[in-house]
Visitor: 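Before we start, here is the structure in question, set down as structure tokens.
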Amino acid sequence: MARSLLDDAFAHHVWATLRVIDACADLTPEQLASEAPATFDSIIETLRHIVASEAFELCVVQGEVSPDVETDRLDLPELREMIVASGAGWLELVRKAPDPEAVLREVDPGDGYQRDAPMGLRLAHALHHAGDHRRQVCSALSLLGIEPPRISVWDFGVETGRVVEVYHSIGSRRRT
């Protein structure tokens with residue numbers, strides 16, 4: 001199957017979320033429940049929010065009825081499994097090259113709130129939303145004294161063999 005222009009963007013998106021989930025695997029329940037200033041919620045609730053939002057947004061862009069995704073009690077392995085499934089759905093979607101101007105309606109099952117937005121913005125939102133919250137979890141990990149995972153696009157590219165880096169001098173800068 002031919003690659004889509006957005007394959008790398010969504011592959012990185014899923015990879016980075018998996019790295020963050022995996023970085024939390026050895027945390028105690030107390031650490032998972034900890035919150036950091038200026039973040040969404042606790043580490044575990046932020047991860048649940050990322051995964052629930054992914055499932056909801058993917059259903060919207062696939063034209064399916066938006067599910068009431070229950071992530072309230074999911075643990076890290078279950079969240080990991082859900083994000084892998086969502087990742088497959090995103091890749092399938094972008095390979096179909098959907099019309100970026102196609103307007104899709106989102107309806108919140110809880111309160112009936114509606115939002116009409118084009119496909120292109122919805123894809124941009126999916127990438128941005130998760131990225132924002134992944135950084136919040138990484139900040140919370142740092143406050144716990146835990147080195148957060150490297151999740152940049154360049155780290156993804158190097159790890160997957162899509163990027164080759166060559167350092168020519170001792171004074172050269174490392175990617176950030």
Side-chain angles (χ1 to χ4, degrees), residues 1-27 32 39-64 66-100 102 104 106 117-142 146-165 175-176:
M1 177 177 274
R3 289 181 53 79
S4 155
L5 181 62
L6 293 172
D7 275 10
D8 286 328
F10 278 93
H12 165 261
H13 170 70
V14 172
W15 172 88
T17 302
L18 291 172
R19 298 265 322 231
V20 172
I21 290 171
D22 291 347
C24 296
D26 293 330
L27 297 182
L32 283 171
T39 61
F40 174 78
D41 204 331
S42 67
I43 290 172
I44 189 65
E45 289 307 318
T46 302
L47 292 172
R48 288 173 176 154
H49 174 71
I50 291 169
V51 171
S53 295
E54 286 288 306
F56 179 84
E57 191 66 36
L58 184 60
C59 282
V60 170
V61 298
Q62 289 175 329
E64 298 174 6
S66 302
D68 188 12
V69 180
E70 287 292 326
T71 58
D72 295 3
R73 291 183 171 43
L74 294 184
D75 61 16
L76 293 175
E78 291 166 323
L79 293 172
R80 191 177 205 293
E81 186 177 311
M82 281 187 71
I83 207 69
V84 167
S86 291
W90 286 117
L91 288 176
E92 179 183 332
L93 176 83
V94 299
R95 287 180 180 161
K96 291 178 182 174
D99 177 2
L104 303 169
E106 160 190 350
M119 178 70 78
L121 281 178
R122 290 194 173 281
L123 297 181
H125 168 73
L127 296 172
H128 170 77
H129 178 263
D132 191 34
H133 289 306
R134 284 190 301 262
R135 281 285 161 217
Q136 292 174 355
V137 172
C138 288
S139 293
L141 290 172
S142 292
I146 298 167
E147 180 74 25
R150 294 184 61 96
I151 57 173
S152 78
V153 171
W154 299 131
D155 292 313
F156 167 75
V158 169
E159 185 171 304
T160 60
R162 306 266 305 138
V163 171
V164 176
E165 295 180 333
R175 69 183 130 76
T176 57

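The chain is numbered in sequence order, starting from 1. Keep in mind that what you see is a predicted model, and the values were worked out from it rather than measured.
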Visitor: Can you confirm whether D26 is buried at CG, in the sense that more than 12 heavy atoms of other residues, nucleotides or ligands lie under 6.0 Å from that atom?
Guide: no
Visitor: Keeping S4 on the side-chain end and V94 on the backbone end, is there a donor-acceptor pair under 3.5 Å?
Guide: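 Judged by distance alone, yes, a pair lies under 3.5 Å.
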Visitor: State, with a plain yes or no, whether a side-chain heavy atom of P149 is found less than 4.5 Å away from one of V20.
Guide: yes
Visitor: For the pair D8 and R3, evaluate side chain to side chain contact (heavy atoms under 4.5 Å, CB included) and give the outcome as yes or no after the intermediate values.
Guide: CA-CA 9 Å; D8 286 328; R3 289 181 53 79; 2.6 Å; yes
Visitor: Between E54 and S86, what is the shortest heavy-atom contact and its length?
Guide: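 Distance-wise, the nearest heavy atoms are CB-OG, 4.1 Å.
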Visitor: Any side-chain heavy atom of L32 sitting closer than 4.5 Å to one from L76?
Guide: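 Of all side-chain heavy-atom pairs linking L76 with L32, at least one is under 4.5 Å.
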Visitor: When the side chains of residues 118-129 are checked against the rest of the protein, which donor-acceptor pairs come out under 3.5 Å, sequence neighbours left out?
Guide:
residue : atom : partner : partner atom : Å
R122    : NH1  : E57     : OE2          : 2.9
R122    : NH1  : E106    : OE1          : 3.1
R122    : NH2  : L104    : O            : 3.3
R122    : NH2  : R115    : O            : 3.0
H129    : NE2  : H49     : NE2          : 2.9
H129    : NE2  : H133    : NE2          : 3.3

Visitor: Is a side-chain N or O of R80 found less than 3.5 angstrom from the main chain of I21, in a donor-acceptor match?
Guide: no
Visitor: Of the non-hydrogen atoms in I83 and V14, which two are nearest, and what is the gap between them?
Guide: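 For I83 versus V14, the nearest heavy atoms are O-CG1, 4.0 Å.
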Visitor: Please assess I44 against L79 for the test side chain to side chain contact (heavy atoms under 4.5 Å, CB included), listing each intermediate value before the final yes or no.
Guide: CA-CA 10 Å; I44 189 65; L79 293 172; 4.0 Å; yes
Visitor: Please check if any side-chain donor atom of W15 sits under 3.5 Å from a side-chain acceptor atom of E159, or the reverse.
Guide: yes
Visitor: Near E81 CD, under 6.0 Å, is it more than 12 heavy atoms from other residues, nucleotides or ligands?
Guide: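 Counting other residues, nucleotides and ligands, CD of E81 stays at 12 neighbours or fewer.
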Visitor: So which atom in I43 and which in C24 form the shortest heavy-atom distance, rounded to 0.1 Å?
Guide: CG2-SG, 3.8 Å
Visitor: Enter the distance from D41:CG to L47:CG here, rounded to the nearest 0.5 Å.
Guide: 10.5 Å
Visitor: So how far is it from T17 OG1 to M82 CE, rounded to the nearest 0.5 Å?
Guide: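 Here the interatomic distance stands at 12.5 Å.
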Visitor: Nearest 0.5 angstrom please: E147 CD to C138 SG, how far?
Guide: 9.5 Å
Visitor: Grab the two heavy atoms, one from A23 and one from L141, that are nearest each other, plus how far apart they are.
Guide: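 Nearest heavy atoms, A23 then L141: CB-CD1, 4.2 Å.
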Visitor: Between the main-chain N or O of P148 and the side-chain N or O of R19, is there a donor-acceptor pair closer than 3.5 Å?
Guide: no
Visitor: Mind checking whether W90 and H13 have parallel, tilted or perpendicular rings, split at 30° and 60°?
Guide: perpendicular
Visitor: Between V153 and V163, is a side chain to side chain contact (heavy atoms under 4.5 Å, CB included) present by the stated rule, with each step listed?
Guide: CA-CA 10 Å; V153 171; V163 171; over 6 Å; no
Visitor: Ignoring hydrogens and geometry, is there a side-chain-to-backbone donor-acceptor pair from H12 to I151 under 3.5 Å?
Guide: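 It does hold such a pair.
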